[in-house]
Amino acid sequence: MWIADKYIDYVKEQTSEHPGESWDKMLLGFKLNKLRTKLLPKKGISKGYQKLETMMMSFVADSLARPDSYVWGNIFSPCEIIGCFGLSTLSIECLSCYFSGYHLEDYFIDYAQNTGIAPTLCSYHKTFVGAIDSGAVPVPQYAVTTSLSCDGNLNTFRYLEKKKGVPFTFLDVPYRDDEASVNYLAEQLKEFTAELENRFGKKFDEEKLKSAIRIENETRKELMRFFKLQSERYYPGELISHLYMMMGMHLLIGTQEFLDLIRFMIEDIKNYPKFEGKKILWIHLLPFYQETLQSYFNSNRKYQIIASDIIIDSMEELDADRPFHALAKKIIRNLYNGSYSHKAEMVGHLAETLHPDAVIQFCHWGCKQSSGGSLLLKDKLQEMDIPMLILDGDGIDRRNSHDGQIKTRLEAFLEMLDSGNADETEESAEGEQEKVC
């Protein structure tokens with residue numbers, strides 16, 4: 001893979017020196033990686049996760065190659081509606097991860113901060129703002145975002161509209177889960193649909209949306225089947241495999257292509273041996289680049305991530321006959337909306353279904369809801385007698401994740417998990433962290 005590493009270094013150097021002239025080079029790299037995943041899939045991981053990586057690399061590379069084929073969004077934007085117009089949804093958080101593949105996150109973050117963006121803004125958003133402000137990435141025709149779940153969404157999209165003239169729709173997601181709130185959001189979704197009709201000159205077909213929701217219901221059921229099987233069988237993947245799954249569930253949900261992939265994975269996993277190690281339920285973001293976490297969770301027969309809460313959103317079936325109402329209810333009942341106690345309850349239900357040996361929550365630097373609510377989740381899991389480890393770091397900025405500290409805490413937790421004393425280890429690790437701080 002030294003050729004790929006050389007190309008990554010080349011693109012990073014060219015972008016840093018001439019950001020306005022680097023986009024074609026980045027896009028070429030995305031296209032080549034798409035071909036690489038098809039012709040030379042990663043060894044050591046399952047066929048299902050190989051196919052998932054290929055699908056997500058193809059989705060991003062193909063979309064970016066046609067600027068008129070996509071809109072920007074956040075990961076909770078209603079891709080089902082956008083897909084009815086033959087458009088793709090490219091989440092700014094996921095795109096930031098792809099830019100990180102060129103090791104450009106530090107350059108873009110510094111660029112954004114040097115132009116006045118607050119250092120406390122989420123590093124995914126800073127990476128994206130820096131990429132746009134520097135001129136390295138072209139802008140699309142339109143964008144959409146929600147108030148769920150990051151308070152930086154509205155400010156980021158307002159900034160992009162002001163600086164680059166990208167118009168956007170803001171979907172205000174209520175905290176309350178009642179009929180009035182659902183109707184309020186459903187009306188916004190209808191207005192958003194009308195805006196897409198006007199901007200892209202295409203007529204909306206409600207039957208397409210109903211069909212997408214029916215496929216989405218099947219996909220969610222099949223995904224839970226897969227997670228249950230993954231809690232029973234060794235199914236080798238990488239930390240980034242779960243990130244790709246999160247992308248698929250937010251950007252391709254409602255498509256037959258993604259449903260077919262999940263069904264393939266269900267059949268494929270049945271060919272793998274029984275898993276005898278410790279099953280981990282992951283909470284919040286996945287720092288795919290982090291070396292220690294990779295060493296323990298990339299194709300490891302001893303420790304396996306069986307699911308991640310950020311992949312799922314909600315586990316309820318949607319009413320396809322009332323598509324806007326159904327999508328509004330789905331967004332409002334997302335486990336990342338409302339109070340953290342709501343999320344804790346939903347994670348508890350997921351744990352009851354999948355029976356993990358432990359839960360690991362990654363508190364992304366700059367994400368207030370994650371850090372602020374982690375102790376509520378820990379209390380809930382203690383009631384269920386499930387040990388939990390809280391790790392602090394940054395999902396994308398390598399400079400904000402201290403490998404030594406993560407390594408010490410993770411290894412101590414896993415060692416005691418193996419011996420049955422994980423709760424004692426976490427209390428000890430918290431005490432050591434306080435001394436360091």
- Please determine if R398 and E105 form a salt bridge, counting it only when a charged side-chain N lies under 4.0 Å from a carboxylate O. yes
- Item | Pairing of E161 and R158 as salt bridge, 4.0 angstrom limit | no
- Ignoring hydrogens and geometry, is there a side-chain-to-backbone donor-acceptor pair from N217 to L318 under 3.5 Å? yes
- Item | Side-chain donor-acceptor contact under 3.5 Å, E257 with T255 | no
- Query: With side chains defined as the heavy atoms from C-beta onward, is the minimum distance between K343 and I283 less than 4.5 Å?
  - Reply: yes
- Counting heavy atoms not belonging to K228, are there more than 12 under 6.0 Å from its NZ? no
- Side chain proximity check, E222 to F258, heavy atoms < 4.5 angstrom: no
- Query: Cation-pi between K47 and F264: NZ/CZ under 6.0 Å from ring centre and within 45° of the ring axis?
  - Reply: no
- What are the two closest non-hydrogen atoms of D68 and F200, and how far apart are they? O-CE2, 4.5 Å
- Task: Would you mind checking if D205 and K210 are paired as a salt bridge, meaning a charged N to carboxylate O distance below 4.0 Å?
- Result: no
- Message: Counting the benzene-type ring for Trp, do Y102 and F30 have ring centres under 6.0 Å apart?
- Response: yes
- Note on the structure: Residues L171 and P78: closest non-hydrogen pair is CD1-CD, 3.7 Å
- Note on the structure: Between F413 and V359 the two heavy atoms that sit nearest each other are CZ-O, 4.4 Å
- Message: Looking at K164, I'd like to know if its NZ atom is crowded, meaning that more than 12 non-hydrogen atoms belonging to other residues, nucleotides or ligands lie closer than 6.0 Å.
- Response: yes
- K330 versus I213: any side-chain heavy-atom pair under 4.5 Å? no
- Salt bridge E53-K42, side-chain N to carboxylate O under 4.0 Å: yes
- Message: Please report the interatomic distance CG(L87) to OG(S69), rounded to the nearest 0.5 Å.
- Response: 7.5 Å
- Separation of E383 CD from K380 NZ (nearest 0.5 Å): 5.5 Å
- Query: Given side chains that start at C-beta, do those of L64 and L95 come closer than 4.5 Å, heavy atoms only?
  - Reply: yes
- Message: Check this for me, if you would: do E232 and K270 make a salt bridge, where the nitrogen-to-carboxylate-oxygen distance has to be below 4.0 angstrom?
- Response: no
- Side-chain (H250) to main-chain (M246) donor-acceptor, under 3.5 angstrom: yes
- Task: Taking the side chain as every heavy atom from C-beta outward, state whether N334 and S314 have any pair of such atoms under 4.5 Å apart.
- Result: no
- Message: Would the distance check show the side chain of Y234 and the main-chain N or O of S299 forming a donor-acceptor pair, the cut-off being under 3.5 Å?
- Response: yes
- Atom NZ of K51 and atom CD1 of I45: how far apart are they, to the nearest 0.5 Å? 12.0 Å
- Message: Closer than 3.5 angstrom, by distance alone: can the side chain of S58 be matched with the main-chain N or O of T54 as a donor-acceptor pair?
- Response: yes
- Message: Tell me if the centroids of the rings in Y124 and H364 come within less than 6.0 Å of each other.
- Response: yes
- Query: Would E218 and R214 pass as an ion pair if we require N to O under 4.0 Å?
  - Reply: no
- Item | Between H242 and S308, a side-chain donor and acceptor under 3.5 Å | no
- Message: Whether E197 and K202 form a salt bridge (side-chain N of Lys/Arg under 4.0 Å from carboxylate O of Asp/Glu) is what I want to check.
- Response: no
- Are the side chain of S123 and the backbone N or O of K126 linked by a donor-acceptor pair below 3.5 Å? no
- Heavy-atom closest contact (P174 atom, N337 atom, distance): O-ND2, 2.9 Å
- Ignoring hydrogens and geometry, is there a side-chain-to-backbone donor-acceptor pair from R176 to V182 under 3.5 Å? no
- So CG of N74 and OG1 of T146: to nearest 0.5 Å the spacing works out to 4.0 Å
- Message: Quick check: do C79 and L252 have side-chain heavy atoms less than 4.5 Å from each other?
- Response: no
- Query: Judged by modelled atom types alone, do S181 and Y175 share a side-chain donor-acceptor pair under 3.5 Å?
  - Reply: no
- Item | Audit row: E195, Y142, side-chain contact (heavy atoms from CB on, under 4.5 Å) steps and yes/no | CA-CA 10 Å; E195 184 68 21; Y142 189 57; 3.2 Å; yes
- When the ring planes of Y98 and Y244 are compared, do they come out parallel, tilted or perpendicular, using 30° and 60° as the limits? tilted
- Any side-chain heavy atom of F226 within less than 4.5 Å of one from Q230? yes
- Message: Does any part of the side chain of V60, heavy atoms only, come nearer than 4.5 Å to the side chain of M247, both counted from C-beta?
- Response: yes
- Message: If you compare all heavy atoms of D357 against all heavy atoms of K278, which two are closest, and at what distance to 0.1 Å?
- Response: OD2-CA, 3.4 Å
- Check whether any side-chain N or O of Q294 sits under 3.5 Å from a backbone N or O of I240 as a donor-acceptor pair, and report yes or no. no
- Query: Would you find a donor on one side and an acceptor on the other, under 3.5 Å apart, between the side chain of S211 and the backbone of K208?
  - Reply: no
- Message: Is a donor from one side chain sitting under 3.5 angstrom from an acceptor on the other, for S63 and S88?
- Response: yes
- Query: If you round to the nearest 0.5 Å, how far is CG of L389 from CG of L417?
  - Reply: 10.0 Å
- Message: Using a strict threshold of under 4.0 Å (side-chain N to carboxylate O), is an ion pair present between R220 and E216?
- Response: yes
- Validation row, ring centre F324 to ring centre F204 under 6.0 Å: yes
- Item | Considering all heavy atoms, the nearest T89-L251 contact | O-CD2, 3.4 Å
- Can S77 and W72 be said to form a side-chain contact (heavy atoms from CB on, under 4.5 Å), step by step? CA-CA 9 Å; S77 298; W72 282 341; over 6 Å; no
- Query: Given the rule in the side chain to side chain donor-acceptor pair (under 3.5 Å) test, do Y289 and S401 qualify, once you have shown the distances and angles that lead to the verdict?
  - Reply: CA-CA 10 Å; Y289 66 88; S401 287; 2.7 Å; yes
- Begin from the C-alpha positions of L350 and M315 and carry the test side-chain contact (heavy atoms from CB on, under 4.5 Å) through to its verdict. CA-CA 9 Å; L350 186 59; M315 291 178 275; 4.2 Å; yes
- Query: In Å and rounded to the nearest 0.5 Å, what is the CD1 to CG distance from I117 to D133?
  - Reply: 6.5 Å
- Does the separation of the ring centres of Y49 and Y235 fall below 6.0 angstrom? yes
- Stepwise, does the side-chain contact (heavy atoms from CB on, under 4.5 Å) test hold for L121 with T156? CA-CA 9 Å; L121 181 66; T156 296; 4.2 Å; yes
- Message: Can you classify the ring geometry of F168 versus F157 as parallel (below 30°), tilted (30 to 60°) or perpendicular (above 60°)?
- Response: tilted
- Note: D177-R333 ion pair, threshold 4.0 Å (strictly below): yes
- Lys/Arg N to Asp/Glu carboxylate O, K407 vs E291, below 4.0 Å: no
- With side chain to side chain donor-acceptor pair (under 3.5 Å) as the test, would you mind laying out the steps for Y336 and H284 before giving the verdict? CA-CA 9 Å; Y336 279 85; H284 203 44; 3.3 Å; yes
- Query: Between the side chains of H402 and D392, is a donor N or O closer than 3.5 angstrom to an acceptor N or O?
  - Reply: no
- Task: Classify the side-chain pair D403/Q290 by whether it contains a donor and acceptor separated by less than 3.5 Å.
- Result: yes
- Query: Any side-chain donor-acceptor pair under 3.5 Å between N300 and Q304?
  - Reply: no
